[in-house]
Asker: 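Quick one: this structure, given as structure tokens, is what I'll be asking you about.
A note on names: the letters A, B, ... follow the listed sequences, proteins ahead of strands, and every chain is numbered from 1.
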Amino acid sequence: VVICTSLVNMFAKCGNLKQAHKVFVQAPHPDIVLWGAMISGYVHQGQDYKALELFANMQDKGLVPDCFTYSCILKASGNVTALKEGMEIHNQIVTQRLEWDKVIGSTLVIMYMKCGTVEEACAVFDSLPDRDNVLWSSMIAGYVQHGRGVPALELFIRAQKDVARPDKVMYTSAIKACASIGDDPSHGRLLQEHIIRIGLDQDEAICNALLGMYSNLKSLKDAEKIFEGMQGRSVVSWNSMIATYAELEHAHLSFELFKKMQQEGLFID
RNA sequence: AUGCGGAGGCCUGAUGA
């Protein structure tokens with residue numbers, strides 16, 4: 001069954017769900033890990049309803065979910081905004097006393113945020129004693145998605161004091177928060193200065209996020225500065241800059257950059 | 001024993017509200 005689990009995982013992650021399922025149904029002595037691999041596979045491939053269905057089947061067979069299965073299924077519930085199912089699963093988690101698990105905690109927050117229930121997400125967040133980078137950034141990103149940039153930034157400030165070392169993802173979440181705050185670039189500039197100070201200013205994801213931020217803030221000059229200051233520009237950065245020109249009504253510059261991109265021999269997708 | 005089968009947050013983009 002261990003080998004089969006590994007095979008299910010491999011086939012599913014490669015996108016071959018048929019083959020994964022075939023191994024899954026033939027596996028001897030199916031256990032919770034095997035089911036977890038299959039459920040995870042469906043979620044990975046965006047088949048969230050299939051995953052929920054499988055989760056129900058698993059419980060009908062008398063198998064008790066563990067942290068891994070719960071985190072997968074909460075992700076699936078969030079993806080399809082199945083709030084009712086998500087809350088039922090949450091209750092079940094509490095009865096099993098697994099609600100303090102780190103991964104469970106952040107997937108609960110993500111699920112509630114995706115379902116539009118910010119209050120529920122906050123309640124979970126507040127109840128957790130240990131908050132890591134993932135939890136904080138999930139929370140910040142959730143607020144941003146609901147257009148609440150100011151509270152998102154306030155969270156970021158708290159997060160910086162709470163966490164040992166804020167990581168890249170946390171900074172990109174904070175950048176997005178700044179981007180979502182109207183047309184006021186001051187927060188964004190301060191954050192950028194900080195990012196330069198800690199030496200993260202050549203990280204590609206960070207640069208792309210900053211570029212996008214200045215684009216949102218309609219500050220073309222700043223966006224160009226970021227783009228030009230980048231060492232390794234990927235297709236993403238080019239697309240970002242081209243889109244920025246287009247959005248800020250510089251169709252000509254947008255096209256010029258597109259041509260330049262082709263000259264540099266980059267793949268256009 | 002944070003290792004030896006499965007789990008969590010991040011970068012641009014599509015004709016449109």
Asker: For the residue pair A:M213 and A:N216, establish whether any side-chain heavy-atom pair is separated by less than 4.5 Å.
Answerer: no
Asker: Just checking A:K13: base, sugar-phosphate only, or nothing, at a heavy-atom cut-off of under 4.0 Å?
Answerer: sugar-phosphate
Asker: Evaluate A:E85 against A:V80 for side chain to side chain contact (heavy atoms under 4.5 Å, CB included), listing each step before the verdict.
Answerer: CA-CA 10 Å; A:E85 286 79 357; A:V80 296; over 6 Å; no
Asker: Starting at CG of A:N9, measure out to NE2 of A:H44 and round the result to the nearest 0.5 Å.
Answerer: 9.0 Å
Asker: Over all strands shown, is A:T107 touching base, sugar-phosphate only, or nothing at heavy-atom distances under 4.0 angstrom?
Answerer: sugar-phosphate
Asker: Can you find a heavy atom in the side chain of A:H21 that is under 4.5 Å from one in the side chain of A:Y42?
Answerer: yes
Asker: Categorize A:S237 for me: base, sugar-phosphate, or nothing, with a 4.0 angstrom heavy-atom threshold over every strand shown.
Answerer: nothing
Asker: Using the six-membered ring wherever Trp is involved, compare the ring planes of A:H194 and A:Y171 and label them parallel, tilted or perpendicular (cut-offs 30° and 60°).
Answerer: tilted
Asker: List the residues meeting salt bridge (charged side-chain N to carboxylate O under 4.0 Å, His left out) with A:D167, not counting sequence neighbours, and say none if there are none.
Answerer: none
Asker: For nucleotides B:C10 and B:G5, find the distance between their C1' atoms and express it as a whole number of Å.
Answerer: 28 Å
Asker: Quote, to the nearest angstrom, the C1' distance that separates B:G8 from B:U12.
Answerer: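 Here B:G8 and B:U12 have their C1' atoms 24 Å from each other.
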Asker: Between A:F258 and A:W238, is the ring pair (Phe, Tyr, Trp, His ring centres under 6.0 Å) condition met? List the steps.
Answerer: CA-CA 8 Å; A:F258 174 72; A:W238 283 88; 10.0 Å; no
Asker: Do the non-hydrogen side-chain atoms of A:I89 and A:S77 ever get within less than 4.5 Å of each other?
Answerer: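 Yes, close enough: below the 4.5 Å cut-off.
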Asker: Applying ring pair (Phe, Tyr, Trp, His ring centres under 6.0 Å), run through A:H90 and A:Y112 and close with a yes or a no.
Answerer: CA-CA 10 Å; A:H90 188 176; A:Y112 281 126; 5.6 Å; yes
Asker: Does anything in residues 70-99 of chain A come within less than 4.0 Å of RNA chain B? Heavy atoms only, and list the residues if so.
Answerer: A:S71, A:C72, A:K75
Asker: Apply ring pair (Phe, Tyr, Trp, His ring centres under 6.0 Å) to residues A:F125 and A:W136 and explain how you reach the verdict.
Answerer: CA-CA 9 Å; A:F125 178 82; A:W136 278 107; 4.9 Å; yes
Asker: Taking only residues two or more places apart in sequence, or in another chain, which ones meet A:R158 in a salt bridge (charged side-chain N to carboxylate O under 4.0 Å, His left out)?
Answerer: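 For A:R158 there are no salt bridge (charged side-chain N to carboxylate O under 4.0 Å, His left out) partners, ignoring immediate neighbours.
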Asker: Might you point out which heavy atoms bring A:E204 and A:S237 nearest each other, and give the distance in Å?
Answerer: OE2-OG, 3.6 Å
Asker: Reading RNA chain B from 5' to 3', where do the contacts with chain A start and stop? Cut-off is 4.0 Å to heavy atoms.
Answerer: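 Answer, 5' to 3': B:G5 to B:U12.
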Asker: Passes salt bridge (Lys or Arg N to Asp or Glu O under 4.0 Å), A:D203 versus A:K168? Steps please.
Answerer: CA-CA 9 Å; A:D203 180 84; A:K168 283 182 203 170; 2.9 Å; yes
Asker: Within the 4.5 Å heavy-atom criterion, are A:N91 and A:T95 side-chain neighbours or not?
Answerer: no
Asker: If we take the C1' atom in both B:G9 and B:C4, what is their distance in whole Å?
Answerer: 27 Å
Asker: Answer with base, sugar-phosphate or nothing: what part of the nucleic acid does A:V1 contact at a heavy-atom distance below 4.0 Å?
Answerer: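 A:V1: base contact, heavy atoms under 4.0 Å.
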Asker: Within the 4.0 Å heavy-atom criterion, would you say A:K176 contacts the bases, only the backbone, or no part of the nucleic acid?
Answerer: sugar-phosphate
Asker: For residues 42-60 of chain A, which residue pairs qualify under salt bridge (Lys or Arg N to Asp or Glu O under 4.0 Å), counting only residues two or more places apart or in two chains?
Answerer: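 Qualifying pairs, neighbours excluded: none.
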Asker: What pairs meet the salt bridge (Lys or Arg N to Asp or Glu O under 4.0 Å) rule with one or both residues in residues 218-236 of chain A, with sequence neighbours excluded?
Answerer: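 Pairs touching residues 218-236 of chain A that pass the test: A:R189-A:D222, A:K221-A:E224.
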Asker: Any residue in residues 212-229 of chain A with a heavy atom nearer than 4.0 angstrom to RNA chain B? Just list them by number, or reply none.
Answerer: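 Output list: empty, so none.
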Asker: Taking only residues two or more places apart in sequence, or in another chain, which ones meet A:E88 in a salt bridge (charged side-chain N to carboxylate O under 4.0 Å, His left out)?
Answerer: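 Once residues adjacent in sequence are excluded, the partners of A:E88 under the salt bridge (charged side-chain N to carboxylate O under 4.0 Å, His left out) criterion are A:K84.
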Asker: Would you say the rings of A:W35 and A:F24 are close, in the sense that their centroids are separated by under 6.0 Å?
Answerer: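 Distance test on ring centres: under 6.0 Å, yes.
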Asker: If the condition is salt bridge (charged side-chain N to carboxylate O under 4.0 Å, His left out), which residues does A:K18 pass it with, not counting sequence neighbours?
Answerer: none
Asker: On a whole-Å scale, what distance lies between the C1' atoms belonging to B:U15 and B:C11?
Answerer: 24 Å
Asker: Strictly below 4.0 Å, heavy-atom distances to any atom of RNA chain B: list the hits from residues 143-172 of chain A, or just say none.
Answerer: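 RNA chain B contact set from residues 143-172 of chain A: A:D167, A:V169, A:M170, A:T172.
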Asker: Using a strict heavy-atom distance below 4.0 Å, which residues from residues 22-38 of chain A are in contact with RNA chain B?
Answerer: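 By residue number: A:D31, A:I32, A:V33, A:L34, A:G36, A:A37.
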Asker: Taking RNA chain B as the partner, which of residues 239-260 of chain A come within under 4.0 angstrom of it by heavy atom?
Answerer: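 RNA chain B contact set from residues 239-260 of chain A: A:N239, A:S240.
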